[in-house]
2 protein chains.
Amino acid sequence: MTREPRLSWKEVRDQIKTSILDRTYSPGDKLPRDADIADQFGCARSTVQRAMRDLSDAGLVERKRKGGTRVRVDPVTRATVDIPITRREVEKRGSVYGYHLIDRGFFKTPPEIAGKLELPQATEILRVRALHLADHKPHIYEDRWICPDTVPGILEVDLSRESANEWLVMNKPYTRCDLRFYAISATEDTAATLDIKTGSALLVIERTTWIGTAPITLVKAYTAPGYELLTSN
Amino acid sequence: MTREPRLSWKEVRDQIKTSILDRTYSPGDKLPRDADIADQFGCARSTVQRAMRDLSDAGLVERKRKGGTRVRVDPVTRATVDIPITRREVEKRGSVYGYHLIDRGFFKTPPEIAGKLELPQATEILRVRALHLADHKPHIYEDRWICPDTVPGILEVDLSRESANEWLVMNKPYTRCDLRFYAISATEDTAATLDIKTGSALLVIERTTWIGTAPITLVKAYTAPGYELLTSN
DNA sequence: AAAAATATTATGTGCTTACATATTCAAGTC
DNA sequence: GACTTGAATATGTAAGCACATAATATTTTT
């Protein structure tokens, strides 16, 4: 009598995944109800639920109450990226971290920034520019806009000693975060700051955070040439 | 008697998250056991478990069997990005999609490629170069290396009609996918292909996929200037 | 026939119990 | 003292039940 080992939710997930990939269920098709799949596999519905949630998280299927589960019509490669605090990232590589405040001042919020922060109207905003160093060489130049209404505490911080990056991450929770990656050619100013040639290709990581609907900060991180962003996995 | 509404796992999660962010539990601290937290909230352990898994997925805490749950010492911004099939992406924007095979041939695997594919030794590999168009303008230039040992089926595909991108996604499941984002200045060749100026900054999306330990493909997607990668949320 | 009320149904959530698994810690053995 | 063995423990997984919720389908009403 071969001892029937209980199916784990991962096995269920993988079998369903296989059925999708081998076209037993094609994109757009509706899968059986959880309960029926559970019967089929001889497991509990909660196990199927767990498997399905994973497939849903991975972007392979879409689930709707009453509507059932269907195979996504537009398969995507879904990846997660971790963006650590810059100091941590540099130290983890075994490099010496350095930080240098370039300037700090209040400005009337430019339209582009107000739009990205979803600010209803232009207000006064704190702009902080700083340079992160790795082994005494420029690593990331960050151009940051901070909403003082949302984060009054930042006004008391000595940003020449502590980076806004770090202070915010450690002190200001956010409920929403938008990220944007793109490449630009270094302007003369940016190039000078990063000590590279004008026109060099730079990866820019643009991040906007909110707490509820209140915008916290928008930062454009101009990474030095050679910088790479990897998926975690 | 105020009817005590049951706590949802999301409420539990948010409360724990708040406790972490307000320093009730500092980075590195050990949180109480799930069972104790459950008692504290008056809910079942499974609810705490659900909440904790979410926090763990989000990168806020680390969990280990027997070791318990502790607040991560290096908070990260964790984001998920969706990389759709190029055709879908173009069509979703309402643009007309076009595809053009540039060339296809067998080569001795260059060391850089072999390394990234984790191939033990240099073998023959299929290289496919193609251009994706949006509204008849170059959109993405892809330079792809495919392991024919892992994907013999690709040899039968008419790549001048169907893109390898699409065929692989639809026909070849992968179990592991590594992504890498970086910026480069367009070489003369790349610039000519994308019909842009030499030296323009390009965002490159490099993707490597495996099935088990068998490498499937490595593709470098050179995106046209202005291309942006956004987080899903 | 159009609109509103109602029933149906598939997924979502929560509870409880039970057992699995990975670590840690301590006792016991050589 | 170094090594092995085993107990203790916290998280991981699974079952099975009950009810919540949202979306759809059906019926009733106007």
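Chain naming here is simple, since letters A, B, ... match the order of the sequence lines and numbering starts at 1 in each.
- Distance B:Lys64 NZ to C:dA20 P: 24 Å, rounded to the nearest Å.
- Remark: B:Tyr99 engages no residue in a side chain to side chain donor-acceptor pair (under 3.5 Å) (not counting sequence neighbours).
- Judged as a side-chain hydrogen bond (donor to acceptor under 3.5 Å, both in side chains), the pairs with a partner in residues 29-43 of chain B (not counting sequence neighbours) are, in order, B:Asp34-B:Arg63.
- Residues satisfying the ring pair (Phe, Tyr, Trp, His ring centres under 6.0 Å) test with B:Tyr25, not counting sequence neighbours, are none.
- For C:dG14, one of the phosphate oxygens OP1 or OP2 lies less than 4.0 angstrom from a side-chain nitrogen or oxygen of B:Ser8.
- Checked against salt bridge (charged side-chain N to carboxylate O under 4.0 Å, His left out), A:Asp57 has no partners two or more places apart in sequence or in another chain.
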Report, one line per pair, each donor and acceptor closer than 3.5 Å where one atom sits in a side chain of residues 213-222 of chain A; sequence neighbours left out.
{"from": "A:Thr217", "atom 1": "OG1", "to": "A:Arg144", "atom 2": "NH1", "distance (Å)": "3.4"}
{"from": "A:Thr217", "atom 1": "OG1", "to": "A:Trp145", "atom 2": "O", "distance (Å)": "2.8"}
{"from": "A:Lys220", "atom 1": "NZ", "to": "A:Glu112", "atom 2": "OE2", "distance (Å)": "2.8"}

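- Distance, A:Arg13 CZ to D:dT13 C1': 14 Å, rounded to whole Å.
- The base of C:dT21 sits with one of its N or O atoms less than 3.5 Å from a complementary donor or acceptor on the side chain of B:Arg65.
- Put simply, NZ on B:Lys10 is 13 Å from P on D:dT21, counting in whole angstrom units.
- One interatomic measurement links the two molecules: NZ of B:Lys66 to C1' of D:dT9, which rounds to 4 Å at whole-angstrom precision.
- In this structure, B:Gly68 reaches the sugar-phosphate backbone alone: every heavy-atom distance under 4.0 Å involves primed, P, OP1 or OP2 atoms, never a base.
- For DNA chain C, no neighbouring residue in residues 24-41 of chain B is found when judged by any heavy atom under 4.0 Å.
- For DNA chain C, the neighbouring residues in residues 42-58 of chain B, judged by any heavy atom under 4.0 Å, are B:Cys43, B:Ala44, B:Arg45, B:Ser46, B:Thr47.
- Every ring pair (Phe, Tyr, Trp, His ring centres under 6.0 Å) that A:Tyr227 has, sequence neighbours left out, goes to A:His139.
- B:Ser56 and B:Arg78 get closest at one heavy-atom pair: O-NH1, 3.7 Å.
- With sequence neighbours excluded, no residue satisfies ring pair (Phe, Tyr, Trp, His ring centres under 6.0 Å) with A:Tyr174.
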